[in-house]
Amino acid sequence: MSQIDHYAVFGSPIEHSKSPRIHTLFAEQTQQLMEYSTQLVSAEKFPRAVKDFFSSGGRGLNCTVPLKELAWEYAKLKTERAELAKAVNTLAVQADGRILGDNTDGIGLVTDIQNNHGISLKQKRILILGAGGASRGIILPILEQLPLSMTIANRTVAKAVTLADEFCHKAKINACGYDALKGQSFDLILNATSASLTDELPPLAAGLLAEQGSCYDLAYANKATAFVRWGYEQHASNSLDGLGMLVEQAAEAFYLWRGMRPDTLPVIQILEAERNS
Ligand code: NDP
């Protein structure tokens with residue numbers, strides 16, 4: 001008899017998570033016998049919960065706020081992108097029983113921008129707003145696309161400087177506060193701050209976005225975020241939010257677990273329709 005493989009997302013809060021919906025759609029599409037659940041897990045409970053999950057036969061986990069750094073500590077075996085990100089959002093049981101930690105957020109973002117929206121990152125001047133966990137996860141996958149330059153701007157400037165230093169063996173990254181951006185312009189501005197979650201906007205000067213430039217907010221909501229609206233005001237060629245990134249990072253996790261790539265576009269379309277309904 002075929003056995004159902006178990007997967008889950010751990011986090012706190014977790015009830016808002018779209019991951020069960022996305023992975024259920026992937027499983028239906030690819031005819032995989034799997035079940036994906038949510039589990040409310042605090043940072044304190046994480047070590048016990050993750051041990052219980054895998055010892056009872058669980059095949060893979062996603063970890064979200066506030067657990068990504070703890071998942072990084074837990075996984076002794078990690079991909080390079082996860083190692084550098086210092087955050088793990090996907091855990092997968094390997095053939096030899098070891099648990100691999102990966103960070104699929106950055107590749108999810110790059111895939112959404114390049115494949116779904118046709119925006120090449122090569123030779124582009126890229127500005128990343130924010131220097132938290134999400135910024136850390138996207139830097140290496142973006143650098144691998146060979147942009148012309150990368151700048152990180154953050155409210156707390158020291159955090160941007162530290163982050164740039166951590167990746168200086170890969171490429172030169174500029175780091176600064178928002179004031180220092182005046183007079184510069186960028187082909188792509190990525191909002192990796194959590195400001196959108198409270199409908200706020202970092203202090204962005206007019207003229208930051210080059211003609212034909214694009215804006216991308218890693219956050220997503222049922223209506224246009226403050227940053228997506230700012231992009232419209234700047235006449236951005238594209239002003240996008242992070243729903244596509246969410247689906248693409250899930251597809252990368254699914255690939256790690258099941259060895260097959262789901263077709264993401266129909267799933268993005270379903271989620272778009274559901275959030276507009
Ligand atoms: P963190 O808490 O690690 O970092 C938050 C960052 O936002 C910090 O740099 C902080 O600056 C900055 N910030 C917060 N509020 C403001 C404000 N009002 N003005 C300017 N800067 C501000 O969060 P994460 O990095 O984990 O998440 C960032 C965003 O990315 C969230 O919106 C999250 O939802 C999104 N995300 C989306 C994913 C997707 O799949 N679409 C995946 C992962 C994340 P300071 O250092 O000065 O405090």
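We count ligands from 1, going down the list as the structure has it; atoms in each ligand are counted the same way.
Nearest-heavy-atom check against atom 43 (C) of ligand 1 across Lys159, Gln249, Lys68 picks out Lys68. The nearest non-hydrogen atom to atom 16 (C) of ligand 1, considering only Arg155, Arg136, Glu200, Lys18, comes from Arg155. Checking Ser194, Gly108, Ser19, Ala195 against atom 5 (C) of ligand 1, the nearest heavy atom belongs to Ser194. Remark: among candidates Leu190, Thr198, Asn154, the nearest residue to atom 11 (O) of ligand 1 is Asn154, based on non-hydrogen atoms. Of the candidates Ile152, Asn191, Leu163, Leu246, the one placing a heavy atom closest to atom 40 (O) of ligand 1 is Leu246.
Set against the non-hydrogen atoms of Gly242, the atoms of ligand 1 under 4.0 Å away are 41 (N). Interface of Gly130 with ligand 1, defined as ligand atoms under 4.0 Å from a residue heavy atom, comprises 9 (O). Ligand 1 places these atoms under 4.0 Å from at least one heavy atom of Leu197: 32 (O).
Atom NE2 of His117 sits in a crowded spot, with more than 12 heavy atoms from other residues, nucleotides or ligands closer than 6.0 Å.
Connection of Ile14 to Val41 is not established within any shared hydrophobic cluster, with ILVMFWY side chains joined at heavy-atom distances below 4.5 Å, either directly or through further cluster members. Each of Leu84 and Leu91 belongs to its own hydrophobic cluster when Ile, Leu, Val, Met, Phe, Trp and Tyr are linked at side-chain heavy-atom distances under 4.5 angstrom. Two different hydrophobic clusters hold Leu208 and Tyr232 under the rule that ILVMFWY side chains link at heavy-atom gaps under 4.5 Å. No continuous path of hydrophobic side-chain contacts links Leu129 to Leu163 [ILVMFWY only; heavy atoms under 4.5 Å].
Between Tyr36 and Trp257, the angle of the ring planes lies from 30° to 60°, which puts this pair in the tilted group. Classified by interplanar angle (parallel below 30°, tilted 30° to 60°, perpendicular above 60°), the ring pair His23/Phe26 is perpendicular.
Neither the backbone nor the side chain of Val65 has a heavy atom within less than 4.0 Å of ligand 1. In Pro203, neither the side chain nor the backbone holds a heavy atom less than 4.0 Å from any atom of ligand 1.
The residues Arg21 and Glu274 are annotated as salt-bridged, a charged nitrogen and a carboxylate oxygen being separated by less than 4.0 angstrom. In this structure, Arg229 pairs ionically with Asp199, as a charged nitrogen and a carboxylate oxygen lie closer than 4.0 Å. Classification of Arg136 and Glu69 as a salt-bridged pair fails, no side-chain N sitting under 4.0 Å from a carboxylate O.
For the side-chain hydrogen bond (donor to acceptor under 3.5 Å, both in side chains) criterion with Asn89, the lone passing option out of Asp105, Asn62, Thr64 is Asp105. Applying side-chain hydrogen bond (donor to acceptor under 3.5 Å, both in side chains) to Glu248 and the options Thr104, Asn115, Thr111, Asn116 leaves one that passes, Asn116.
Here the heavy atom of the protein found nearest to atom 28 (C) of ligand 1 is Ala192 O, 3.3 Å. Atom 45 (P) of ligand 1 has as its closest protein heavy atom Thr156 OG1, 3.5 Å. Among all non-hydrogen protein atoms, the one lying nearest atom 44 (C) of ligand 1 is Ala134 CB, 3.8 Å. Remark: minimum distance from atom 4 (O) of ligand 1 to any protein heavy atom is reached at Gly132 CA, 3.5 Å. If you check which protein heavy atom lies closest to atom 37 (C) of ligand 1, you get Leu218 O, 3.2 Å. The single protein non-hydrogen atom nearest to atom 29 (C) of ligand 1 is Thr193 O, 3.4 Å, given as residue, atom name and distance.
Of the polar atoms of Gly133, at least one N or O is found under 3.5 Å from an N or O of ligand 1, judged by distance alone. For ligand 1, the polar-atom distance check against Met245 finds no nitrogen or oxygen pair separated by under 3.5 Å.
The presence of a protein heavy atom under 4.0 Å from atom 33 (C) of ligand 1 is ruled out.
Ligand 1 has at least one atom lying under 4.0 Å from a heavy atom of Ala131.
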